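To keep things clear, I will list the structure first and then write my remarks on it.
Proteins come first, then strands; the chains are lettered A, B, ... in the order of their sequence lines, and each starts at number 1. What you see is a predicted model; the values in this text were computed from it and never measured.
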Amino acid sequence: MTRQILVTSALPYANGPIHLGHLVEYIQTDVFVRFQRLRGHRVAYLCADDTHGTAIMIRAQKEGRTPEQLIADMSVQHQRDFAAFGISFDHYGSTNSRANHDIAAGIWRNLRAQNLVVERSVDRLYDPVQKTFLADRFVVGECPRCGAAEQYGDSCEKCGATYPATELKNPRSVHSGAKPELRPSAQLFVRLTPLQPMLQEWTQRSGALQAEVANYLAGHFLDKPLQDWDVSRPAPYFGFEIPDAKGQYWYVWFDAPIGYIAATREWCERTGQSLDDWWRKPGVEIVHFLGKDITYFHTLFWPALLHVGGYRLPSRVQIHGFLRVGGEKMSKSKGTFVTAAKYLEHLDAEWLRYYYASKLGNKIDDLDFQPDEFVGKVNSDLVGRVVNLASRTARFVEASGLSARYPDDGGRFARAAAQREAIAAAYEACDFREATRLVMLLADAANEYVEQKAPWTLKKDPARAAELQDTCTVVLNLFHQIAVYLQPVLPQLAAKAGALLGSSCDRWDLVATPLVGRPVAKFEHLMARVEPDKVQAMFTPELSAAPASAPPAPAASADDGATLTKEPLAPTITIDDFQKVDLRLARVVAAESIPEAKKLLRLQLSLGGGTTRTVFAGIKGAYAPEQLVGRLVVMVANLAPRQMKFGTSEGMVIAAGTDGEVFLLSPDAGARPGQRLH
RNA sequence: GGCAGGAUAGCUCAGCUGGUUAGAGCGGCGGCUUCAUAAGCCGUAGGUCGCCGGUUCAAGUCCGGCUCCUGCUACCA
């Protein structure tokens with residue numbers, strides 16, 4: 001029976017390049033998609049750039065161009081990267097499209113009609129000069145928790161606190177610098193409680209979710225009434241203005257997943273199909289692939305919107321974990337944050353496809369990229385075992401071609417063909433690790449056969465030419481089966497294998513029928529081996545020539561300004577402002593971990609002459625207490641004491657870092673505790 | 001602190017509804033081979049299945065407790 005399957009990968013945000021972490025998802029999805037096509041099912045693979053929201057708007061502003069220019073540029077980059085990795089979308093759209101607007105508007109009408117939209121007055125910050133409400137990111141002020149200056153209205157980049165913009169101290173508008181006023185704003189909310197029974201049913205009983213996800217939702221959200229979802233944002237906002245609410249825009253997460261449908265519509269229009277045939281027809285499977293960080297958007301809000309819009313609910317939400325490198329989070333400073341483009345400067349796309357596939361199970365576990373393992377898997381599995389089959393036999397039959405009749409092979413071909421349902425089941429379950437493992441067993445068996453038959457010996461005896469041809473016919477057929485089985489993972493390799501043997505390698509059932517009586521093309525290398533240095537090079541933050549399209553001059557990639565984008569320079573201050581801050585060198589005389597605290601160390605700092613301060617520092621993750629004792633640090637000596645859960649902190653230790661990194665500062669040799677920084 | 005998940009050979013992981021001597025790949029070690037991109041084949045060593053207790057004729061597999069790790073969450077500079 002032919003199934004009809006609509007598959008999506010989460011929409012990448014148009015605010016940054018595709019990196020190795022993204023690719024876990026797109027490769028996983030693409031393998032699934034290619035597998036389904038290989039099996040003869042009708043598949044639509046759709047994706048789009050997620051383009052709306054404040055982050056895009058601000059970035060565009062900083063770069064002195066319109067958001068539309070920014071997202072057009074990103075879309076080109078994204079699609080180029082995806083293409084290079086063989087990601088076979090049927091259509092790639094954008095959430096900033098006519099189709100997306102219209103579908104969002106349709107769902108919105110239904111929400112209104114079903115009385116699921118409520119308007120509530122929320123006090124928001126208003127810029128009296130510009131006469132606009134201010135989005136969180138357009139208000140700056142001091143963090144209500146840590147007092148850090150120049151923090152945005154949604155969260156503090158210093159201490160990680162999140163808070164409503166109204167709690168910022170000394171707030172001012174980014175536009176006018178004026179002090180914002182509190183004014184009531186009519187915000188629009190989607191009521192979710194009427195949909196709760198339906199969500200309860202779908203999450204707990206439909207089978208669409210992995211068990212751990214269903215548990216997570218049951219315990220976190222569905223155990224109490226769902227809160228109304230705030231879906232509007234006041235202008236200025238890069239997005240769609242809500243049709244019946246002037247000056248209000250849909251929050252980016254409202255229209256982002258709708259992009260799945262919009263991309264489908266554009267594709268249907270292009271190919272003369274009907275949208276309803278994919279999104280409303282019973283029996284069509286809808287499968288979403290996404291990362292664990294966006295679970296609840298896709299398992300609560302999204303099915304709610306689909307339900308209200310009259311669309312079918314997802315039949316499967318396949319959630320994966322994050323990518324780690326060498327057991328750690330990807331980090332720009334360590335060079336492990338690798339973009340797709342950078343990977344391709346050093347390595348082959350199919351290697352990554354195979355490596356990820358060979359590690360991906362059906363669990364939500366994180367996937368760890370281990371350089372040695374990567375080299376080992378590619379070189380021994382693919383080159384040493386699979387490709388080697390062709391390379392050690394094809395040349396012997398270049399002249400003769402394959403035998404006219406398939407020879408007796410002791411049942412090897414039949415046994416490998418008999419594996420097809422087991423391998424298919426593993427692919428179907430997204431247990432690609434199991435699928436590739438099963439295929440590698442076939443490669444082992446085939447190599448054994450080569451060893452047994454020793455074609456290199458047969459070759460020496462002209463009387464045994466037929467036996468040589470038969471042997472190679474068997475091995476090349478076993479190789480052909482493997483190429484077909486791996487086609488979802490390695491489409492390029494399958495194509496090359498096909499060219500060698502005159503097969504299309506594009507139907508699962510090809511594994512059941514031997515190829516006979518046909519020519520064998522001149523053998524060429526099917527896949528190169530990985531040089532370990534190249535992997536090292538990729539993970540080293542090294543000097544790299546700027547690609548033609550990138551504006552910045554060559555520079556150390558760690559100096560690429562990414563951190564500056566993350567945390568822009570603060571407004572100018574006077575020397576007097578600076579003088580207010582009394583920065584001092586201090587010696588750590590004692591340091592102890594606070595067991596109950598996740599991040600905090602309690603430090604005793606000496607400013608010399610018996611003056612000491614107790615300071616709590618959130619550096620537990622980066623420094624062990626014992627490695628701190630004795631060293632000099634920089635502290636803010638005149639910061640008002642702050643009562644904390646574990647005691648009073650009498651100052652603050654200065655450290656640099658982005659995204660949770662922590663780097664303490666040290667003076668050059670000779671400096672002494674108590675000295676002021678001028 | 002709450003919630004979710006995990007802890008099985010050096011590494012990455014399988015072990016379904018409890019049942020013979022706990023598995024795979026990689027890596028290690030020994031041997032063979034030389035057709036092949038220094039690839040391949042054969043053999044071999046390695047595990048108190050995190051810890052304690054319980055249920056059972058029988059537990060890696062179920063139950064309780066504990067320890068550690070990861071993630072999410074929480075006003076810990």
Side-chain angles (χ1 to χ4, degrees), chain A residues 143-148 156 158-163 167 210-221 223 292-293 295-296 321-322 324 327 329 358-359 361 363-368 370 372-377 379-396 431 433-434 436-438 440-441 443-444 446-460 468 471-472 475 523-530 594 596-603 615-620 635-636 639-647 649-655:
Chain A
C143 168
R145 189 166 92 191
C146 73
C156 173
K158 288 282 190 312
C159 70
T162 57
Y163 41 77
E167 288 184 10
Q210 288 132 300
E212 46 205 307
V213 177
N215 292 342
Y216 161 74
L217 296 171
H220 259 268
F221 297 97
D223 55 333
K292 61 186 183 184
D293 51 326
T295 296
Y296 79 99
F322 296 146
R324 299 172 148 262
K329 280 186 183 172
S358 76
K359 306 249 319 169
K363 297 260 190 76
I364 304 181
D365 302 335
D366 289 347
L367 189 156
D368 193 15
Q370 298 182 84
D372 292 346
E373 186 188 42
F374 174 82
V375 174
K377 284 216 181 232
N379 288 353
S380 65
D381 289 7
L382 295 183
V383 180
R385 291 202 266 178
V386 174
V387 164
N388 198 206
L389 286 170
S391 130
R392 54 198 312 207
T393 53
R395 273 187 258 270
F396 295 144
D431 191 353
R433 181 168 52 213
E434 176 68 2
T436 51
R437 190 183 72 83
L438 290 172
M440 286 309 139
L441 292 179
D444 285 343
N447 274 303
E448 237 172 88
Y449 182 78
V450 175
E451 210 69 30
Q452 214 179 88
K453 288 293 194 177
W456 53 94
T457 308
L458 299 175
K459 188 186 64 172
K460 290 171 187 158
L468 174 65
T471 296
C472 295
V475 175
F523 180 78
E524 284 166 17
H525 272 8
L526 299 173
M527 180 176 282
R529 35 181 52 244
V530 184
I594 299 170
E596 315 85 66
K598 207 160 170 178
K599 301 182 196 164
L600 290 181
L601 296 183
R602 178 189 284 113
L603 305 180
V615 171
F616 291 86
I619 58 175
K620 192 178 195 172
M635 76 171 292
V636 184
L639 191 64
R642 167 108 176 176
Q643 182 59 46
M644 298 176 62
K645 186 168 171 185
F646 309 104
S649 186
E650 305 167 314
M652 174 173 168
V653 172
I654 299 294

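Among the protein residues, Gly384(A) comes within range of the sugar-phosphate backbone only, with heavy atoms under 4.0 Å from sugar or phosphate atoms but none that close to a base. Across all strands, Gly321(A) comes closer than 4.0 Å to no nucleic acid atom at all (heavy-atom distances). Within 4.0 Å (heavy atoms only), Leu526(A) reaches at least one base atom of the nucleic acid. Within the nucleic acid shown, Asn447(A) comes within 4.0 Å of sugar-phosphate atoms alone, with no base atom in reach, counting heavy atoms only. Among the heavy atoms of the strands lying under 4.0 Å from Met527(A) is at least one base atom, whether or not backbone atoms are also near. Counting non-hydrogen atoms under 4.0 angstrom, Lys377(A) reaches nothing in the nucleic acid.
The phosphate of C35(B) has neither OP1 nor OP2 within less than 4.0 Å of any side-chain N or O from Arg395(A). Applying the 4.0 Å criterion to OP1 and OP2 of G15(B), one finds that Arg437(A) has every side-chain N and O outside that range. Taking side-chain N and O atoms only, Arg433(A) has a distance below 4.0 Å to OP1 or OP2 of A14(B).
Minimum atom distance to the side chain of Gln370(A) is reached by C11(B), of the listed G40(B), C11(B), U37(B). In the set A77(B), U37(B), C35(B), C35(B) carries the atom at the smallest distance from any side-chain atom of Arg392(A). If you check U12(B), A77(B), C35(B) against the side chain of Glu373(A), the one that comes closest is U12(B). Comparing atom distances between the Val383(A) side chain and each of G40(B), C41(B), U37(B) picks out U37(B) as nearest. Taking the side chain of Glu451(A) as heavy atoms from C-beta on, and the options C35(B), C76(B), U37(B), the nearest nucleotide is C35(B). Checked against G40(B), U34(B), A39(B), the side chain of Arg529(A) finds its nearest nucleotide in A39(B). Among C42(B), A36(B), U37(B), the nucleotide with an atom closest to any side-chain atom of Glu448(A) is C42(B). Comparing G40(B), A77(B), U37(B) by their nearest atom to the side chain of Leu600(A) picks out A77(B). Which of A77(B), U37(B), G71(B) sits closest to the side chain of Val387(A) comes down to U37(B).
Between the C1' atoms of A14(B) and G30(B), the separation comes to 28 Å (whole Å). Here the separation of G46(B) from U8(B), taken at their C1' atoms, is 13 Å to the nearest Å. The same atom, C1', is picked in U55(B) and in U61(B); the two are 14 Å apart, to the nearest Å. When the C1' atom is used for both A59(B) and C52(B), the distance is 15 Å, rounded to whole Å. Annotation: G15(B) and G23(B) have their P atoms spaced 15 Å apart (nearest Å). Nucleotides A77(B) and G5(B) have their C1' atoms positioned 31 Å apart, rounded to a whole Å. As rounded to the nearest Å, C69(B) and C63(B) have C1' atoms that lie 23 Å from one another. Comparing U48(B) with G10(B), their P atoms sit 9 Å apart, to the nearest whole Å.
The shortest distance between side-chain heavy atoms of Val653(A) and Leu603(A) falls below 4.5 Å. With a 4.5 Å cut-off on side-chain heavy atoms, Val386(A) and Met440(A) count as touching. Side-chain atoms of Gln370(A) and Lys359(A), non-hydrogen and from C-beta on, do get closer than 4.5 Å to each other. Side-chain atoms of Thr393(A) and Thr471(A), non-hydrogen and from C-beta on, never get closer than 4.5 Å to each other. Val213(A) is not listed as a side-chain neighbour of Lys292(A), based on a closest heavy-atom distance of 4.5 Å or more. When side chains are defined from C-beta on, Arg392(A) counts as touching Asn447(A), because their heavy atoms get closer than 4.5 Å.
Between the CG atom of Asp372(A) and the C1' atom of G28(B) there is a distance of 15 Å, rounded to whole Å. Taking atom CZ of Arg602(A) as the reference point, atom P of A77(B) lies 15 Å away to the nearest angstrom. For the pair Leu382(A) CG and G25(B) P, the computed distance is 16 Å after rounding to whole Å. Taking atom NE2 of residue His525(A) and atom P of nucleotide A38(B), one finds them 8 Å apart after rounding to whole Å. Following rounding to the nearest Å, Glu434(A) (CD) and A24(B) (C1') show an atom-to-atom distance of 9 Å. In this structure, the CG atom of Leu438(A) is 18 Å from the P atom of G23(B), given to the nearest Å. Between the C1' atom of C11(B) and the CG atom of Asp368(A) lies a distance of 10 Å, rounded to the nearest Å.
Nearer the 5' end of RNA chain B, as judged by each residue's closest nucleotide, is the contact made by Lys459(A), out of Lys459(A) and Arg324(A). Remark on RNA chain B: of its neighbouring residues Val213(A) and Gly376(A), the 5'-side contact belongs to Val213(A), judged by nearest-heavy-atom nucleotide.
Nucleotide G46(B) is shown with a syn base, its glycosidic torsion being within 90° of 0.
In this entry U21(B) has no Watson-Crick or G-U wobble partner, no candidate having both defining distances under 3.5 Å. Of all nucleotides present, none satisfies the Watson-Crick or G-U wobble test against A59(B) with each distance under 3.5 Å. Using N1 to N3 plus N6-O4 or O6-N4 for Watson-Crick, or N1-O2 and O6-N3 for G-U wobble, each under 3.5 Å, C3(B) pairs with G71(B). Checking C16(B) for Watson-Crick or G-U wobble geometry (two distances, each under 3.5 Å) identifies no partner in any strand. In this structure G27(B) sits in no base pair that meets the Watson-Crick or G-U test at under 3.5 Å.
No donor-acceptor distance shorter than 3.5 angstrom exists from the side chain of Arg433(A) to the backbone of Ser358(A), with no hydrogens or angles considered.
In this structure, CZ in Arg324(A) is found 11.0 Å from CG in Leu367(A), a value given to the nearest 0.5 Å.
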